[in-house]
Amino acid sequence: MTMKKALTIAGSDTSGGAGIQADLKTFQELGVFGMTALTVIVAQDPHNSWFHEVFPIELSTLEKQIETVLSGIGVDAVKTGMLGTTELIELAAKKIDQYQLKNVVVDPVLVCKGADEVLHPENADCLRDVLVPRATVVTPNLFEAGQLSQMGALKTVEDMKEAAKRIHDKGAAYVLVKGGGKLQHEKAIDVLYDGTQFDILEGERIDTTYTHGAGCTYSAAICAELAKGQSVRDAVNIAKEFITEAIRHSFKLNQYVGPTNHGAYRKLQK
Ligand SMILES: Nc1ncnc2c1ncn2[C@@H]1O[C@H](COP(=O)(O)OP(=O)(O)O)[C@@H](O)[C@H]1O
Ligand SMILES: Cc1ncc(COP(=O)(O)O)c(C=O)c1O
Ligand SMILES: [Mg+2]
């Protein structure tokens, strides 16, 4: 049996709900063979309010991982997650060009949930200038869309649309701005823009704070569906159902973190 293959170039979330762990679980759930190139390792401090510490991988180590997969195997789709430094972002962009990758989902991770300040502003500039132009779909959350569009805080669906336009101007084929739990709205609203048309995705808004890894899971589901040959619009709609179910069945891991439940969508299909 041949399986479609996807690569995630992303960070390790030791707590298992986000990052490369979320991506692999999601690929598996959607029947796609997942492969990884690790960019950073994130550890959390149990004795200091779950403070996140980020340890970047050597540039040459990332390059060897990407070469293993792209030169040695080949992929049907790729996604990027937390990249950590401008050097790692630039390397990911170089490889996308070198291998002329087609289905490229860029999740422009600038912050972990809860933080509202970019620790490394140079990463936002680099993502905007170097990776966004190479994206088939770029998936900023409300905060990241404000940063990438240079509009600052976004508060309304109209703001999200304007941000999507400005990010699209940077060269991404599709822009998906996630309103999520941060937008004041009765629904969980995301805006998809292809340069001409806006699609408003309205999901049920679930009353929970256990949404750790929601963005990683959503972008991984889009990547998996693109690998299977879906159009961007269909991939995003399937992924929206996937993430809504995952959030509906999210759970508490400890006093600090509650991840989404990657297996929930599969159970719905039975
Ligand atoms: N409480 C919620 N109920 C339903 N959907 C949500 C909720 N919070 C976020 N979402 C959805 O989850 C997906 C990921 O969005 P978001 O949580 O904003 O991303 P990130 O994890 O990158 O911050 C989006 O489709 C968003 O609309
Ligand atoms: C390695 C890694 N990637 C990405 C994220 C972003 O997660 P989310 O999907 O909640 O935006 C996190 C957050 O902790 C992380 O640790
Ligand atoms: Mg995110």
Side-chain angles (χ1 to χ4, degrees), residues 1-42 57 62 65-83 92 95-96 99 101-109 131 134-139 174 176 178 190 211-251 259-270:
M1 184 180 130
T2 56
M3 262 180 115
K4 296 297 184 187
K5 301 182 287 292
L7 166 67
T8 171
I9 305 174
S12 166
D13 168 23
T14 302
S15 76
I20 233 158
Q21 289 82 351
D23 296 342
L24 281 182
K25 291 172 194 182
T26 301
F27 291 162
Q28 182 78 11
E29 289 295 329
L30 291 171
V32 168
F33 185 76
M35 298 176 283
T36 62
L38 194 59
T39 55
V40 298
I41 297 172
V42 177
I57 297 279
L62 177 60
Q65 297 174 78
I66 296 176
E67 282 297 309
T68 304
V69 175
L70 295 185
S71 174
I73 301 166
V75 293
D76 299 291
V78 60
K79 75 155 272 191
T80 63
M82 185 186 282
L83 290 159
K95 293 295 166 183
I96 290 167
Y99 288 93
L101 299 179
K102 293 285 174 275
N103 294 318
V104 178
V105 182
V106 172
D107 187 14
V109 176
L131 215 45
R134 292 170 168 82
T136 310
V137 199
V138 57
T139 63
Y174 286 77
L176 178 63
K178 304 171 290 191
D190 306 330
T211 56
H212 175 67
C216 302
T217 303
Y218 192 27
S219 56
I222 297 168
C223 179
E225 292 302 321
L226 290 178
K228 291 194 272 184
Q230 298 284 5
S231 67
V232 171
R233 219 167 241 111
D234 288 348
V236 168
N237 278 288
I238 295 166
K240 180 72 172 168
E241 282 185 42
F242 188 98
I243 189 59
T244 303
E245 283 314 300
I247 293 174
R248 194 192 310 286
H249 296 277
S250 65
F251 57 99
T260 80
N261 187 332
H262 304 96
Y265 176 82
R266 164 173 38 103
K267 290 178 189 137
L268 190 74
Q269 307 306 300
K270 281 184 180 161

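We're numbering straight along the sequence, starting at 1. All of these numbers come straight from a predicted model, not from anything done at the bench.
Side-chain N/O atoms of Tyr218 and Asp190 include a donor and acceptor closer than 3.5 Å.
With a 4.5 Å cut-off on side-chain heavy atoms, His262 and Thr217 count as touching. Under the 4.5 Å side-chain criterion, counting only non-hydrogen atoms from C-beta, Val106 is not in contact with Arg134. Using a 4.5 Å cut-off on side-chain heavy atoms (C-beta onward), Tyr265 and Ile238 make contact. Side-chain contact between Glu225 and Leu30 is present, with at least one heavy-atom pair separated by less than 4.5 Å.
Between Gln21 and Gly16, the shortest heavy-atom distance links the atoms CB-O, 3.5 Å. Nearest heavy-atom pair across Phe27 and Ala220 is CE2-O, 3.3 Å. Ile247 and Ala214 make their closest contact through CD1-CB, 4.1 Å (heavy atoms, listed as atom of the first residue, atom of the second, distance). The nearest pair of heavy atoms linking Lys79 to Ser219 is NZ-OG, 2.9 Å. Minimum heavy-atom separation, Ala18 to Cys216: CB-SG, 3.9 Å. For Ala37 against Ile20, the heavy-atom pair with the smallest separation is O-CD1, 3.9 Å.
Scanning for salt bridge (Lys or Arg N to Asp or Glu O under 4.0 Å) contacts around Lys25 gives an empty result, with sequence neighbours left out. By the side chain to side chain contact (heavy atoms under 4.5 Å, CB included) test, Ala246 is found to be paired with Ile243, Thr260, residues two or more places apart in sequence or in another chain being considered.
Among residue pairs with one or both ends in residues 27-39, those qualifying as side-chain hydrogen bond (donor to acceptor under 3.5 Å, both in side chains) are Glu29-Arg266; sequence neighbours excluded.
Rounded to the nearest 0.5 angstrom, Met3 CE and Phe33 CZ are separated by 7.5 Å. Rounding to the nearest 0.5 Å places CD of Glu245 at 11.0 Å from NZ of Lys267.
Proximity of a side-chain donor or acceptor of Asn103 to a complementary backbone N or O of Ala77 within less than 3.5 Å is not detected.
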### Message
What verdict does the side-chain contact (heavy atoms from CB on, under 4.5 Å) test give for Leu176 and Val236, after you've listed the backbone C-alpha separation in whole Å, the side-chain angles of each residue and the deciding distance to 0.1 Å?
### Response
CA-CA 9 Å; Leu176 178 63; Val236 168; 4.0 Å; yes
